[in-house]
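Naming convention: chains lettered A, B, ... in sequence-line order (proteins, then strands); numbering from 1 in each chain.
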Protein chains: 2
Amino acid sequence: MTDSPKPTRKRDGRLREDLIDAGVALLRDRGADGMSLRECAAIAGVSHASPGYHFGNLKGLKTAIAARAFRLFGDFMLEFLAKAERAPKAQILAISEGYLAFAEAHKELFLFMFSGQDLDQTDPDLSAMSARAYQILRDTCAPFVKPDSHPETVEILVWSLVHGYAQLMLTGKIRKASPGVKIPAYKFLLDHLNLSLQDDPSSSS
Amino acid sequence: MTDSPKPTRKRDGRLREDLIDAGVALLRDRGADGMSLRECAAIAGVSHASPGYHFGNLKGLKTAIAARAFRLFGDFMLEFLAKAERAPKAQILAISEGYLAFAEAHKELFLFMFSGQDLDQTDPDLSAMSARAYQILRDTCAPFVKPDSHPETVEILVWSLVHGYAQLMLTGKIRKASPGVKIPAYKFLLDHLNLSLQDDPSSSS
DNA sequence: CTCCATAACTTGACACTGTCAAGATACGCA
DNA sequence: TGCGTATCTTGACAGTGTCAAGTTATGGAG
């Protein structure tokens, strides 16, 4: 009998995930400031101090939410990578599309991740998922890194463009001046980058 | 008819600015979540409900802080523009340097502005300062807009790169993989953009 | 000069929050 | 069976945003 009229201990390890679900739901429809430990507890149907037991404090809950967000974020990029052609430029486009698809499908999570929230950066879950996402970018950019330069060069170039594009799209800072104009596709912008393969002689800079 | 029928008190209109100062100070050394109306009141030496009178609510105070941040932000870009040469590419580099200088000198304000905070977008101060900053970008990008394309193309390209670069620099997401490596100068990245003047024949897409 | 309307600020209250301490409960295991 | 421990609850406290009502001083009308 898992359920009993006196609900104690019934959830085992499931409650932690339920609380994160509740936090994500609150984040979605009330914003990061509308998220509270007590309301997460209420949604999950437990007492007000239960989240504190599992996550330590509010920072812990936010960190857990961010960790889940980074996992999903990486999943999006890997999914688009798998469906794309193996050509290096196609792969760059693929992670970018995964990046933008995630930002559009999970706007609140995306903004939350990169909004300088007060998170516990020492949390193993968060740092693992964050490093995993960055590694996807690094691997995809590798073919474009020239032997005499640092990998960061290409990585910053690609990541900055797609991240800035996503951020400005979501916060609407771009459309303001002329609301009717369509945002040009990201691919169009990507074509303006001087990316060249490591052994491609067309690079002249 | 001295000024207007409004200012009438011992602190005159000065308290409002003092409260914004207090909010900025709290933002600087405790983060956006550590900012509270009551503590701003305490710093300014007034009662706990006084900020509510001037700003309506916490959202109002945050909006006022963001408006001041956008004004300072625009000032930085204009200052760098004035010191630079008039050549279009030099001007692009100038606003980028102003952008990055602001982000570095006022890290908390920069992150606060672009962190999807719950602000009152209908506030005339905020929207005016925000539009002013965007107009600086638009004007500087204008020489690179081809007659058959939308201005947004170039604007997104430049803004995304510099914004993404600044954001990733400040949140430290870039250095993680190799802490010892120096971040390449932004100018180096800018050189990888295929920017060409409207009448420049070297544009081949 | 008096008087007073009103802007600027204070006082007080309420519901809500995070966080901690201490208690209760049930499961795993001996 | 009985106990230890992880899990969850209860209760309390300080701090918060926000509203209503009270207070004060200032500029202007008479």
Side-chain angles (χ1 to χ4, degrees), chain A residues 1-23 25-27 29-66 112 117-120 123, chain B residues 1-23 25-27 29-66 112 117-120 123:
Chain A
M1 294 306 140
T2 53
D3 279 346
S4 65
K6 263 219 168 172
T8 54
R9 186 64 179 250
K10 59 181 175 188
R11 307 193 178 240
D12 264 14
R14 187 57 190 254
L15 177 55
R16 189 186 156 90
E17 293 303 313
D18 287 354
L19 288 171
I20 297 180
D21 288 341
L26 280 177
L27 181 63
D29 50 58
R30 291 200 212 175
D33 292 350
M35 203 175 62
S36 79
L37 289 176
R38 290 175 106 105
E39 198 135 14
C40 286
I43 294 176
V46 291
S47 75
H48 69 263
S50 187
Y53 172 78
H54 287 280
F55 301 103
N57 48 26
L58 183 59
K59 188 177 182 173
L61 173 62
K62 288 185 175 179
T63 299
I65 292 177
F112 179 76
Q117 286 282 335
D118 188 33
L119 304 178
D120 179 14
D123 180 77
Chain B
M1 195 70 186
T2 54
D3 204 337
S4 70
K6 294 219 169 183
T8 60
R9 210 51 184 187
K10 34 188 167 187
R11 312 186 74 135
D12 267 8
R14 187 59 187 261
L15 177 56
R16 190 188 157 90
E17 293 303 313
D18 286 356
L19 288 172
I20 298 180
D21 287 342
L26 280 177
L27 180 64
D29 50 57
R30 291 199 211 176
D33 293 349
M35 203 175 62
S36 78
L37 289 177
R38 291 175 104 103
E39 198 132 15
C40 286
I43 294 177
V46 291
S47 75
H48 69 263
S50 186
Y53 172 77
H54 286 281
F55 301 104
N57 50 25
L58 183 59
K59 188 175 182 175
L61 174 61
K62 288 185 174 178
T63 299
I65 292 177
F112 179 77
Q117 287 283 335
D118 187 33
L119 303 180
D120 178 15
D123 180 76

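- In this structure, the CG atom of B:Asp33 is 11 Å from the P atom of C:dT19, given to the nearest Å.
- The separation between B:Asp118 atom CG and D:dT18 atom P is 10 Å, rounded to whole Å.
- Mapping A:Ser50 and B:Gly52 onto DNA chain D via the closest heavy atom, the residue that lands nearer the 5' end is A:Ser50.
- Contact check, A:His48 against C:dC16: no side-chain N or O comes under 4.0 Å of OP1 or OP2.
- A sub-4.0 Å separation between OP1 or OP2 of D:dC8 and a side-chain N or O of A:Ser47 is absent.
- Judged by distance alone, with hydrogens and angles left aside, A:Arg16 brings no side-chain donor or acceptor close enough to the base of D:dT7 to form a pair under 3.5 Å.
- For the pair B:Asp120 and B:Lys59, the salt-bridge criterion is not met [side-chain N within less than 4.0 Å of a carboxylate O].
- Below the 3.5 angstrom threshold, one finds a donor paired with an acceptor across the side chain of A:Arg38 and the base of C:dG18.
- With contacts defined as side-chain heavy-atom distances shorter than 4.5 Å, the pair B:Leu27/B:Lys62 does not qualify.
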* List the steps, then state whether side chain to side chain contact (heavy atoms under 4.5 Å, CB included) holds for B:Ile65 with B:Met35. => CA-CA 11 Å; B:Ile65 292 177; B:Met35 203 175 62; 3.5 Å; yes
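- Take the nearest nucleotide of DNA chain D for A:Ala49 and for A:Tyr53: the residue whose nucleotide is more 5' is A:Tyr53.
- Atom pair B:Asp18:CG and C:dC9:C1' shows a separation of 14 Å (rounding to whole Å applied).
- Taking the side chain as every heavy atom from C-beta outward, B:Leu15 and B:Ser50 approach each other to under 4.5 Å.
- Distance, B:Asn57 CG to D:dG17 C1': 9 Å, rounded to whole Å.
- To the nearest angstrom, P of D:dG17 lies 10 Å from CG of B:Leu26.
- Between the CZ atom of B:Arg14 and the C1' atom of C:dA8 there is a distance of 17 Å, given to the nearest Å.
- A straight line from CG of A:Leu58 to P of C:dG18 spans 6 Å, rounded to a whole angstrom.
- One can place NZ of A:Lys62 at 14 Å from P of C:dT17, the figure rounded to the nearest angstrom.
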